[in-house]
Amino acid sequence: MKIATWNVNSIRSRVEHVLMLLKDNEVDILGIQELKTEEKNFPFKDFESLGYYVEAFGQKAYNGVALISKFPFESITKNVLNDTEARTIVGIVKGLHILNVYFPHGGEYGSEKFFYKLEFYQKIKNYILKNNLLDVDFILMGDFNVAKEPIDVWDPVMLDGTIGFMKEEREAISDLMSIGLVDAFRHFNPDVQEFTWWDYTSGSFRRNWGMRIDYILVSKSMLPKLQNCYIEKTFRKLEKPSDHVPVVLEISV
DNA sequence: ATGGCCATCAGCGATGGA
């Protein structure tokens with residue numbers, strides 16, 4: 001079974017690319033972020049006609065998350081943090097608890113958005129602990145908007161202290177992972193430098209000026225089931241791409 | 001080149017993204 005995450009940067013602009021990922025990579029369960037639309041404008045039919053179940057939680061213009069699954073949802077909860085922004089959706093599929101999150105961008109150091117981002121990380125951690133999700137087959141995936149280690153950015157010296165690679169942000173994601181979550185990509189690729197996001201400006205993709213800010217984290221009980229985890233970079237080469245690419249996890253069910 | 005993008009909403013410029 002394949003489970004994937006992808007920040008699509010507008011679902012209405014990226015439907016064809018998402019359908020391509022589902023078909024070509026045979027993805028069974030997909031979490032997407034940055035829908036940038038309300039549910040009423042979400043292209044449900046494109047996915048349902050392929051046989052997928054879809055649960056979307058959106059808002060106008062910004063944020064928004066969805067889960068797309070070949071298997072029916074045993075349960076769905078939107079907005080687990082009771083936030084004013086549409087950033088979280090959790091579903092149970094085939095006994096797996098899957099929390100799909102669009103973490104805040106955060107803005108400049110010390111800004112209101114910066115503190116919102118750090119608090120958001122704390123709240124996600126508390127939600128996981130409070131609901132005992134470390135004791136079940138649990139997957140936390142999405143756009144974390146933080147690169148954890150120097151290997152996760154193209155120039156750790158130049159980017160030190162910039163958005164997505166500040167000390168406080170890196171401590172926030174480390175703190176979240178320290179409760180017992182394993183970074184699936186890093187589990188299979190301990191020394192590999194690969195990125196999931198490249199800026200649209202400055203020919204960043206061509207120069208490989210990227211960052212790894214999208215993750216699939218799993219609880220310990222998932223470890224025996226993991227088979228592979230890879231970043232599907234090809235989607236950044238398409239016409240009108242998202243600035244992020246999908247991360248795919250293969251597990252045995 | 002002290003440069004370079006993209007999507008949205010509202011209504012062609014401002015805002016957010018990372």
Side-chain angles (χ1 to χ4, degrees), chain A residues 5-18 31-43 46 56-66 83-88 100-121 141-173 176 185 193-215 231 233 235-247:
Chain A
T5 178
W6 193 7
N7 178 324
V8 296
N9 186 17
S10 166
I11 185 58
R12 284 184 289 175
S13 298
R14 225 70 64 198
V15 186
E16 292 308 318
H17 291 191
V18 178
I32 56 176
Q33 306 89 37
E34 276 213 90
L35 307 181
K36 290 190 167 181
T37 187
E38 297 166 288
E39 283 111 288
K40 64 179 181 184
N41 295 319
F42 187 99
D46 290 287
F57 175 43
Q59 65 180 82
K60 189 180 272 196
Y62 306 112
N63 310 314
V65 286
D83 202 276
T84 54
E85 301 183 348
R87 294 183 176 278
T88 56
N100 177 34
V101 178
Y102 177 42
F103 284 82
H105 170 274
E108 299 299 329
Y109 182 85
S111 67
E112 205 170 307
K113 287 179 181 176
F114 170 80
F115 293 111
Y116 170 63
K117 183 179 194 174
L118 298 181
E119 281 164 22
F120 197 96
Y121 263 91
M141 63 185 187
D143 175 0
F144 286 67
N145 268 318
V146 176
K148 186 170 174 285
E149 302 293 338
I151 195 177
D152 297 319
V153 299
W154 68 278
D155 188 337
V157 175
M158 196 176 95
L159 293 175
D160 184 31
T162 63
I163 299 166
F165 199 57
M166 298 176 197
K167 185 169 167 280
E168 291 81 353
E169 294 175 311
R170 295 174 59 195
E171 283 169 358
I173 192 169
L176 172 58
F185 176 80
Q193 183 174 59
E194 280 192 47
F195 307 130
T196 62
W197 172 87
W198 299 260
D199 200 303
Y200 282 123
T201 63
S202 311
S204 297
F205 182 64
R206 181 173 50 80
R207 295 166 147 139
N208 201 27
W209 291 354
M211 299 170 75
R212 191 172 72 98
I213 56 177
D214 301 85
Y215 302 81
I231 294 167
K233 196 175 168 180
F235 284 85
R236 192 64 173 76
K237 298 175 183 169
L238 301 175
E239 283 285 307
K240 293 244 157 211
S242 168
D243 44 355
H244 296 249
V245 294
V247 182

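Lettering of chains follows the sequences in order, A, B, ..., and the numbering in each one begins at 1. Note: hydrogens, waters and symmetry copies are ignored here, and every other heavy atom, side chains too, is used.
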Exercise for review: Please examine the side chains of Ser111(A) and Lys117(A), heavy atoms only from C-beta on, and report whether any two atoms are closer than 4.5 Å.
Suggested key: no
Review point. With side chains defined as the heavy atoms from C-beta onward, is the minimum distance between Tyr102(A) and Asn7(A) less than 4.5 Å?
Key: yes
What is the nucleic acid contact for [X], judged by heavy atoms within less than 4.0 Å: base, sugar-phosphate only, or nothing?
X	value
Tyr62(A)	sugar-phosphate
Asp143(A)	sugar-phosphate
Lys113(A)	sugar-phosphate
Asn7(A)	sugar-phosphate
Phe205(A)	nothing

Whole angstrom is fine here: how far is it from [atom1] in [X] over to [atom2] in [N]?
X	N	atom1	atom2	value
Glu108(A)	dG17(B)	CD	C1'	12 Å
Lys40(A)	dT8(B)	NZ	C1'	15 Å
Asp214(A)	dG17(B)	CG	C1'	13 Å
Arg87(A)	dG17(B)	CZ	C1'	11 Å
Glu112(A)	dG16(B)	CD	C1'	15 Å
Glu85(A)	dG17(B)	CD	C1'	13 Å

Donor-acceptor check, side chain of [X] to backbone of [Y], threshold 3.5 angstrom: yes or no?
X	Y	result
Thr196(A)	Ile213(A)	yes
Tyr215(A)	Phe185(A)	no
Gln59(A)	Ala86(A)	yes

Study note, to complete from the structure: Counting only Watson-Crick and G-U wobble pairs with both atom distances below 3.5 Å, the stems of 3 or more consecutive pairs that include DNA chain B are B:5-9 with B:13-17
Revision key, fill the gap. The answer to which of Lys60(A) and Ile163(A) contacts DNA chain B further toward the 5' end, by nearest nucleotide, is Lys60(A)
Check your understanding: Relative to each other, are the rings of Tyr121(A) and Phe144(A) parallel, tilted or perpendicular (30° and 60° limits)?
Key -> tilted
Check your understanding: Is the number of heavy atoms from other residues, nucleotides or ligands under 6.0 Å of Glu108(A) CD greater than 12?
Key -> no
**Study point:** Residues which pass side chain to side chain donor-acceptor pair (under 3.5 Å) with Lys40(A), listed by chain and number, not counting sequence neighbours
**Key:** none
Review point. Any salt bridge between Lys233(A) and Glu194(A), counting N to O under 4.0 Å?
Key: no
Whole-angstrom distance between [N] and [M], as gauged at atom [atom1]:
N	M	atom1	result
dA7(B)	dG11(B)	C1'	15 Å
dG17(B)	dC12(B)	P	23 Å
dT15(B)	dA10(B)	C1'	12 Å

Considering only nitrogen or oxygen atoms on both sides, find all protein atoms under 3.5 Å from nucleotides 3-7 of chain B and state each distance.
{"residue": "dC5(B)", "atom": "O4'", "partner": "Tyr200(A)", "partner atom": "O", "Å": "3.1"}
{"residue": "dC5(B)", "atom": "O4'", "partner": "Thr201(A)", "partner atom": "N", "Å": "3.3"}
{"residue": "dA7(B)", "atom": "OP1", "partner": "Arg14(A)", "partner atom": "NH1", "Å": "3.3"}
{"residue": "dA7(B)", "atom": "OP2", "partner": "Lys240(A)", "partner atom": "NZ", "Å": "2.9"}
{"residue": "dA7(B)", "atom": "O3'", "partner": "Ser10(A)", "partner atom": "OG", "Å": "3.2"}

Study note, to complete from the structure: CZ of Arg12(A) to OG1 of Thr37(A), rounded to nearest 0.5 Å, is 3.5 Å
